[in-house]
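The structure appears right after this line, and notes come after that.
Residue numbers start from 1 in every chain, and the chains themselves are labelled A, B, ... in the order their sequence lines are given, proteins ahead of strands. In this text the structure is predicted, and so the values were computed from the model without any measurement.
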There are 2 protein chains.
Amino acid sequence: MGNIPPVGRKVTLSDIAAGCDVSRATVSLVLRGSPLVNKHTRARVEEELRRQGYVYNRAAANLRRRTSSSIALVLNDLANPFFAEFAAGVDEVLGDTGFVTLLGSTSESTERELAVLSSLMEHGPAGIILSPAEGSDAQQILSAVGGVTPLLLFNREVSGDVAACDHWDRLFLDNQRGARLATEHLIGQGHKRIAFYGGHLGSSSCRQRRAGYTEAMKAAGLSVEPSWMVECIPNRLDAVAQSEQLFQGKTAPTAAVCYNDAVALGLMLGLHQRGLQPGRDFALTGFDDIAEAAVSAPPLTTLAVTPRDRGRQAAELILQRVKDPSPPPRQTIAPVQLLVRASSCPPPA
Amino acid sequence: MGNIPPVGRKVTLSDIAAGCDVSRATVSLVLRGSPLVNKHTRARVEEELRRQGYVYNRAAANLRRRTSSSIALVLNDLANPFFAEFAAGVDEVLGDTGFVTLLGSTSESTERELAVLSSLMEHGPAGIILSPAEGSDAQQILSAVGGVTPLLLFNREVSGDVAACDHWDRLFLDNQRGARLATEHLIGQGHKRIAFYGGHLGSSSCRQRRAGYTEAMKAAGLSVEPSWMVECIPNRLDAVAQSEQLFQGKTAPTAAVCYNDAVALGLMLGLHQRGLQPGRDFALTGFDDIAEAAVSAPPLTTLAVTPRDRGRQAAELILQRVKDPSPPPRQTIAPVQLLVRASSCPPPA
DNA sequence: CCTCGCCTTTGTAACGATCCAAATGTACCC
DNA sequence: GGGTACATTTGGATCGTTACAAAGGCGAGG
């Protein structure tokens, strides 16, 4: 059973063909499990494949067949647990389908996004899943990816000409409904002065969540003070820093719907610094249900978005589109679920 | 300026050549910025490239040149923020170098790891960065990746025949020193009965951290009760569940060095349930410095491992190896830094 | 006018797989 | 024995790019 040592040059189809005295075409048929080849021949070829340690060259096959076996996954912030979970979900499904994931991380820079997209395009992905950086422009993205490769927009809308990108599929969270549910829940707890805290107006998800909040407030006949709408960078640090602003107006809020969990956890710290105990003196809700939300003090009422499931869904959507590009583009809104925990207490008496 | 509409078929070198009446070879030279081509010709070709919206086909080029422009990144748990940060660091460097990241996530399953590795190998990566699943076998991994492609082992050792894989590069955290530092710090605070809590003996990082702990205890002449060495799945949930075990022995510990931050945060909850307040009645330390560690209640003393820097470093190491495979394999031990916070209080008086 | 060198350009054969039409058996029936 | 059907195998062209050797044009120098 002389094993061929793993030396420099790679083993190709021709080596196998030569090794067991058949044509390259036959070996190729064996590789693809064609029923055409004789049982006995197949066995001989398979033995030779093992013996020489053959590795299929998918790039060569893709070139010849004009196919692709990769999907590009471009994320604005891979380090964010939400997107990490999302990526894990995407990769899970793609892996099972024989596709490989081409990863690209843009660190929220539109410039880098374009660079990453063009670089990935050169590898000819069958499709692209893109969670755009803040401020991404539809026209520019289109010119980077070309009109041919299917693209699924995740999580955020892009700015600019709608016509430029109206053939892209979309997968968004139900931001508006989520924020409305959170707001309604706080109203149900008896709050009347409710703020919307954090996030960037530059991002579509923030605008949508604000819209849900406004909708609920309006429906309940509650008014909103300007000082209750505070923007901040959606991370814990800036959320602490900006929390003062909530209390600058004439009347202080008794509760806040926060842009996301990170912001909510930051606000908790800010409240502590003011001598307020979140979940007793002040109610708040988050968005995302990150791992930490369940175990913070107090545990955070928030909206579960199940990013891993979203990743799986995104992969399935793009695969469908790759399989059949003809149906009209589809926009999918994924539901979110309100998880009530101790942070959303009733107002102090 | 008639723009060619973005129709089905992809634009190739030949289309450009035909479009401006030069040979394919010339276009190829232009693409690669060769100084051979005449300035005037170059301009004409470049104009045509733009006009037709040409996209370089790197797969075809790689096939011809027998090169590769991708690096495989295979992680045992992408959803873990530690690895997500790591991946972001890897991708950052690779992106800057013109390489593309092929992602593979194994969900801590050795079976899936082998499947993912073989699938990625078919795309002919120039190198592989592997953070193995628990229980991975060197021999099996070797047979999946072949002896040719450079591999960098990250974070964990693999079991089995050392000779099988002694030509792999390695990048590990200084687990032993980290745990020793944490233990010494607790000893310095006055603790004598210190436990080592959590982790799986199946993983080499856990064994190394235990070794550091044991080393420090021995050096200080402190003895260790068997009931102070508790295993658990390294997540918050199981850490809560197993925390009872710490107090089953004759003498209860007053402090614990935890396998990692997740475990430490779980133990905090377990302590609360026993009526003990962590950071006052019981001291503990973590490992990793996840975002949450700085803001837990109390803030967690832990070891910073800067996963993003590790990712960058891993990318650089594998790129070096790809560039020149000849130097002998190298093992790199990345330093960790003790961050003292409120959780590591002195023992109660 | 021929030769030489220089600057550009180009035809052709690869890279490793697949497709396709055509060629080889070989079994069976009339 | 010839013809037909069926099962199996195969050469050669091809995917989009690059390497290489060789060719073309052109000015200078002898």
Side-chain angles (χ1 to χ4, degrees), chain A residues 8-46 48-49 52-70 98 121-126 146 148-149, chain B residues 8-46 48-49 52-70 98 121-126 146 148-149:
Chain A
R9 217 176 56 77
K10 281 188 185 143
V11 180
T12 79
L13 234 157
S14 304
D15 298 321
I16 305 299
C20 55
D21 221 46
V22 293
S23 72
R24 297 196 327 274
T26 304
V27 179
S28 176
L29 289 174
V30 170
L31 282 176
R32 286 171 293 153
S34 157
L36 288 179
V37 294
N38 180 293
K39 207 154 63 166
H40 183 252
T41 317
R42 150 162 299 130
R44 247 174 55 231
V45 172
E46 275 171 349
E48 187 70 12
L49 288 169
Q52 296 204 31
Y54 172 79
V55 177
Y56 187 70
N57 184 333
R58 207 165 281 278
N62 281 332
L63 174 59
R64 176 63 235 259
R65 307 182 54 194
R66 293 142 155 273
T67 54
S68 164
S69 54
S70 57
M121 283 308 292
E122 298 188 345
H123 291 86
V148 214
T149 314
Chain B
R9 216 176 56 79
K10 282 190 185 141
V11 180
T12 78
L13 246 171
S14 303
D15 299 321
I16 305 299
C20 55
D21 220 45
V22 293
S23 72
R24 297 196 324 272
T26 303
V27 180
S28 175
L29 290 174
V30 170
L31 283 176
R32 286 170 295 155
S34 157
L36 289 179
V37 294
N38 180 290
K39 209 154 64 163
H40 183 252
T41 317
R42 148 161 302 130
R44 246 174 56 231
V45 171
E46 276 171 349
E48 187 71 13
L49 288 168
Q52 297 202 31
Y54 171 79
V55 177
Y56 187 68
N57 184 334
R58 206 166 282 278
N62 281 332
L63 174 60
R64 174 65 235 253
R65 307 184 53 195
R66 293 146 154 274
T67 54
S68 164
S69 54
S70 57
M121 281 310 291
E122 298 187 346
H123 291 85
V148 216
T149 314

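For the OP1/OP2 pair of C:dT18 and a distance below 4.0 Å, the side-chain nitrogens and oxygens of A:Ser28 include at least one atom meeting the criterion. Side-chain nitrogen and oxygen atoms of B:Arg66 include at least one within less than 4.0 Å of the OP1 or OP2 phosphate oxygen of C:dG16. Dashed line: the shortest gap from a side-chain N or O of A:Arg24 to OP1 or OP2 of C:dT18 is not under 4.0 Å.
The outermost nucleotides of DNA chain D lying under 4.0 Å from heavy atoms of chain B, listed 5' to 3', are D:dG16 to D:dA19.
Once rounded to the nearest 0.5 Å, the distance linking SG of B:Cys20 with CD of B:Glu46 reads 10.5 Å. We find the CD1-CG distance between B:Ile16 and B:Leu31 to be 8.0 Å, quoted to the nearest 0.5 Å. Here CG of B:Leu29 is found 12.5 Å from CZ of B:Arg24. Values are rounded to the nearest 0.5 Å. The CG atom of B:Asp15 sits 4.0 Å away from atom OG1 of B:Thr12, with the distance rounded to the nearest 0.5 Å.
The side chain of A:Arg64 approaches C:dG16 more closely than any other nucleotide in the set C:dG16, C:dC15, C:dT8.
Regarding A:Asn62, its CG atom lies at a distance of 15 Å from the C1' atom of C:dC15, rounded to whole Å. Taking atom CG of residue A:Leu31 and atom P of nucleotide C:dA17, one finds them 8 Å apart after rounding to whole Å. Spacing between atom CG of B:Asp21 and atom P of C:dT8 amounts to 19 Å, rounded to whole angstrom units. Per the geometry, CD belonging to B:Glu122 stands 16 Å off P belonging to C:dG16, to the nearest Å. Spacing between atom CG of A:Asn38 and atom C1' of C:dG25 amounts to 12 Å, rounded to whole angstrom units. Across the protein-nucleic acid pair, B:Arg42 atom CZ and C:dC7 atom P stand 15 Å apart, rounded to whole Å. When rounded to the nearest whole Å, the span between CG of B:Leu13 and P of C:dG11 equals 14 Å.
Among A:Arg42, A:His40, A:Glu48, the one residue that satisfies the side chain to side chain contact (heavy atoms under 4.5 Å, CB included) test with A:Arg44 is A:His40. Results of the side chain to side chain contact (heavy atoms under 4.5 Å, CB included) test with A:Thr41 over A:Val22, A:Leu36, A:Val27 single out A:Val22 as the only residue that passes.
Each of A:Tyr56 and B:Arg65 was assigned the nucleotide of DNA chain C with the nearest heavy atom; the assignment lying further toward the 5' end belongs to B:Arg65. Along DNA chain C, the nucleotide nearest B:Pro35 and the nucleotide nearest B:Leu63 are compared for position; the residue whose nucleotide lies closer to the 5' end is B:Pro35.
If you check the side chains of A:Asn62 and A:Ser69, you find a donor sitting under 3.5 Å from an acceptor.
Within 4.0 Å (heavy atoms only), A:Ala25 reaches at least one base atom of the nucleic acid. Within the nucleic acid shown, B:Thr26 comes within 4.0 Å of at least one base atom, counting heavy atoms only.
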